[in-house]
Structure formats: C-alpha cells, structure tokens
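Let me begin by presenting the structure, written as structure tokens, before commenting on it.
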Amino acid sequence: MHSHIDVSNGRQRPSTRLADFPLLDNLSPGLLRHIELHAAPIKGKQRKLLFLRGDPEDFIGLVLQGSVYHTLQEPDGHEVIIDYSCPGELVGESALLHPGLRNCTAQLSRDCHLLALHRQHFRDLQNDPLLMSRIQQQLCRRLQRISSFVETVCLYRLEARLARHLLTEIDQHGHPGPDGPTLPLTINQTILAAMLNASRPRLNAQLKQWQRAGLIQLTRHALKVCDPARLRQIAQHPN
C-alpha cells in the first residue's frame with residue numbers, strides 16, 4: 001500500500017499519492033516510502049526561489065502542484081523563462097546523473113507545492129533502473145523543449161512566437177469546442193511575456209490586435225481560438 005503526504009505540513013493524511021504520477025508509477029513501495037520519509041515539503045507562498053544559477057546541484061525537487069519556472073537573467077535584469085516544470089516532473093534532475101552547478105534559476109509559482117530530496121538520499125533512486133530510465137527520458141524532453149524555445153526566440157517575430165506557444169498549449173491542455181478550442185489561462189501576461197522573451201506591453205498589444213481581428217476571444221480565465229487555421233499559418237512564418 002502506498003502512503004500519502006500532506007505537503008502543507010509533512011504529516012500523513014490523504015492528499016497527494018506519489019504513485020499516481022507517471023514518473024513514480026509501479027516503483028517499489030520501499031522506494032516510494034524512502035522519498036516520503038526523506039523529502040522536505042516546500043511551498044511557493046513561503047519561498048519564491050528554489051535555487052539560483054551557479055548553485056551546487058545538491059538536491060532535486062518533485063513538483064506536486066503548480067509550476068517551477070526555469071529562468072535566465074539578461075545583463076539589464078530582464079528575466080527570460082526558458083522552460084517550466086509541471087506536477088509530476090522533477091526539477092534539477094541532472095543532479096542524479098552528472099551533478100555540477102545549476103545552469104539556470106528556478107522560481108516557484110505562488111501555488112506551487114514540491115518535495116525536495118537532498119543528495120545524501122539519492123542512492124536509492126540511482127539504484128532503481130526504471131526510475132533512472134524515466135528521469136533520462138524527462139531530461140531529453142526538457143532539452144527538446146529548450147531547443148524549441150531557442151529556435152522560436154531567435155528566428156520568429158513575436159506574433160509567430162505567440163502563435164506557436166498557444167498551439168502547443170492547446171495541444172496539451174486545450175478543450176475542443178464547436179467555435180474553436182479553448183485554453184484555460186493559468187498564468188498572467190507577465191509570465192507569458194517572459195516565456196516569449198517579449199515585453200508585457202508588446203504582448204498585450206498583440207493579444208488585443210488578434211481580439212479585434214476576431215482571431216481570438218480573451219477573458220480573464222480563458223482564451224478561445226476562433227480561427228485555428230489562421231493561427232497555424234501565423235506560426236509557420238518566422239518573419
């Protein structure tokens with residue numbers, strides 16, 4: 001039987017079942033218990049930064065709720081979000097494979113809950129072939145996402161960057177409808193602008209332009225794409 005963790009205070013009660021995450025599915029009860037016993041809960045309301053670029057890779061984090069944003073800072077202080085981790089994903093997973101120094105800063109969303117496991121407790125995880133195979137797959141997916149981010153930021157204008165981002169999000173989280181797919185908005189425009197390496201005013205202006213043209217319908221909590229075919233055309237033209 002798999003036990004449960006209350007991430008708000010670390011005491012046992014029905015809350016988050018680790019084995020429900022694909023990363024940890026079908027792992028041995030002993031390994032799950034090892035994680036539960038030694039992992040420390042961290043909440044975004046109490047702590048914004050998980051680690052800074054250049055810090056030693058001495059712990060990993062399992063996201064239970066919310067998001068962890070992987071950021072880089074430009075010389076003028078502008079922050080760019082190059083990737084983000086969702087519930088069920090590890091943060092800093094390279095510490096299990098080839099530990100060195102952090103190559104980015106990790107920031108927690110306000111609603112983020114995660115479990116942090118430090119290096120002295122790594123061995124049991126590293127000795128599990130199934131888990132390590134999944135961690136390598138996750139790292140490969142992260143590298144693919146970052147490669148796509150670099151391509152988009154370097155080669156595409158803002159309009160196309162936004163279109164590509166929305167199409168990806170719709171594929172993963174959108175809800176189909178007779179008048180077009182709807183995407184729940186779980187982040188604000190400041191975060192979205194950082195994901196697209198754009199200023200918030202430019203992003204806001206682009207969204208308003210699309211809304212006036214009838215391409216999208218934007219509310220406080222959702223974005224509906226009224227013309228998906230046109231959005232795909234925009235996404236395919238870099239300049």
Side-chain angles (χ1 to χ4, degrees), residues 15-17 19-25 44 63-71 80-89 91 107-114 137-138 140-153 155-239:
S15 178
T16 300
R17 189 173 184 269
D20 288 341
F21 293 121
L23 181 71
L24 304 178
D25 183 35
V63 183
L64 303 177
Q65 175 184 311
S67 301
V68 177
Y69 300 107
H70 304 257
T71 70
V80 180
I81 297 175
I82 59 173
D83 193 28
Y84 62 97
S85 298
C86 299
E89 290 187 324
V91 180
Q107 301 185 24
L108 309 181
S109 65
R110 185 169 175 79
D111 64 338
C112 183
H113 291 182
L114 62 79
Q137 292 171 13
Q138 179 189 290
C140 289
R141 290 193 296 269
R142 188 184 304 285
L143 291 174
Q144 290 171 348
R145 292 197 302 263
I146 293 175
S147 176
S148 177
F149 167 83
V150 172
E151 175 189 353
T152 298
V153 168
L155 301 180
Y156 290 78
R157 68 192 191 282
L158 175 58
E159 185 181 26
R161 297 203 300 268
L162 178 56
R164 285 164 63 92
H165 175 82
L166 292 179
L167 289 171
T168 298
E169 290 296 304
I170 286 170
D171 286 343
Q172 296 177 356
H173 309 294
H175 305 299
D179 300 323
T182 298
L183 178 67
L185 293 180
T186 58
I187 58 175
N188 58 38
Q189 288 191 18
T190 299
I191 294 176
L192 180 56
M195 289 179 171
L196 300 173
N197 194 21
S199 69
R200 188 183 182 282
R202 285 188 62 205
L203 172 64
N204 183 260
Q206 185 64 68
L207 289 169
K208 287 183 176 179
Q209 179 183 335
W210 281 358
Q211 191 161 18
R212 289 193 300 268
L215 179 60
I216 64 171
Q217 290 181 4
L218 190 62
T219 66
R220 184 176 179 182
H221 300 294
L223 183 150
K224 177 185 288 186
V225 178
C226 305
D227 192 345
R230 174 58 182 153
L231 194 67
R232 285 191 289 270
Q233 290 177 349
I234 294 172
Q236 293 169 2
H237 290 83
N239 300 308

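Numbers here simply count residues along the sequence, with the first being 1.
A distance of 8.5 Å separates CG of Asp25 from CG of Asp20, quoted to the nearest 0.5 Å. Distance check: Ile81 CD1 to Gln107 CD gives 7.5 Å after rounding to the nearest 0.5 Å. Rounded to the nearest 0.5 Å, atoms SG (Cys226) and CD1 (Ile216) are 8.0 Å apart. Rounding to the nearest 0.5 Å places OG of Ser67 at 6.5 Å from CG of Asp111. Separating the NZ atom in Lys224 from the CD atom in Gln217 is a distance of 5.0 Å, to the nearest 0.5 Å. Here Ile82 contributes atom CD1 and Ile146 contributes atom CD1; the two are 4.5 Å apart, rounded to the nearest 0.5 Å.
For Arg161 (side chain) and Thr152 (main-chain N/O), no donor-acceptor pair under 3.5 Å exists by modelled atom type. In this structure a side-chain-to-backbone donor-acceptor pair under 3.5 Å is present from Thr168 to Arg164. No donor-acceptor pair closer than 3.5 Å links the side chain of Glu159 to the backbone N or O of Gln206. Under a 3.5 Å cut-off, the side chain of Arg157 and the backbone N or O of His237 do form a donor-acceptor pair.
Here the side chains of Phe21 and Glu89 are not in contact, with every heavy-atom distance at 4.5 Å or above. At least one side-chain heavy atom of Leu166 sits less than 4.5 Å from a side-chain heavy atom of Leu183. Residues Leu218 and Trp210 form no side-chain contact, since every pair of their non-hydrogen atoms from C-beta on lies 4.5 Å or further apart. No side-chain heavy atom of Leu223 sits under 4.5 Å from any side-chain heavy atom of Glu169. For the pair His175 and Pro184, the minimum side-chain heavy-atom distance is below 4.5 Å. Taking the side chain as every heavy atom from C-beta outward, His70 and Val91 approach each other to under 4.5 Å.
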Requested in this report: For side chain to side chain contact (heavy atoms under 4.5 Å, CB included), just list the numbers for Val153 and Val80, CA-CA rounded to whole Å, side-chain angles, deciding distance to a tenth of an Å, and then say yes or no.
Outcome: CA-CA 10 Å; Val153 168; Val80 180; 5.7 Å; no
Query - Test log, rule side chain to side chain contact (heavy atoms under 4.5 Å, CB included), inputs His165 and Leu192 - result: CA-CA 9 Å; His165 175 82; Leu192 180 56; 3.4 Å; yes
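Residues Leu23 and Gly88 come closest through the heavy atom pair CB-O, 3.7 Å. A pairwise comparison of heavy atoms in Tyr84 and Met195 identifies CD2-CE, 3.7 Å as the closest pair. When all heavy atoms of Ala235 and Leu167 are compared, the pair lying nearest together is CB-CD1, 3.7 Å. Here the closest heavy-atom approach between residue Pro87 and residue Gly66 is recorded as CD-O, 3.2 Å. Nearest heavy atom pair, residue Ala193 against residue Leu203, reads N-CD2, 3.6 Å. Contact record, Ala222 with Thr182: CB-CG2, 3.8 Å, taken as the closest heavy-atom pair.
Partners of Asn188 under the side chain to side chain contact (heavy atoms under 4.5 Å, CB included) rule, at least two apart in sequence or in another chain, are Thr190, Ile191. Taking the side chain to side chain contact (heavy atoms under 4.5 Å, CB included) definition, one finds that Arg220 meets it with nothing, sequence neighbours left out.
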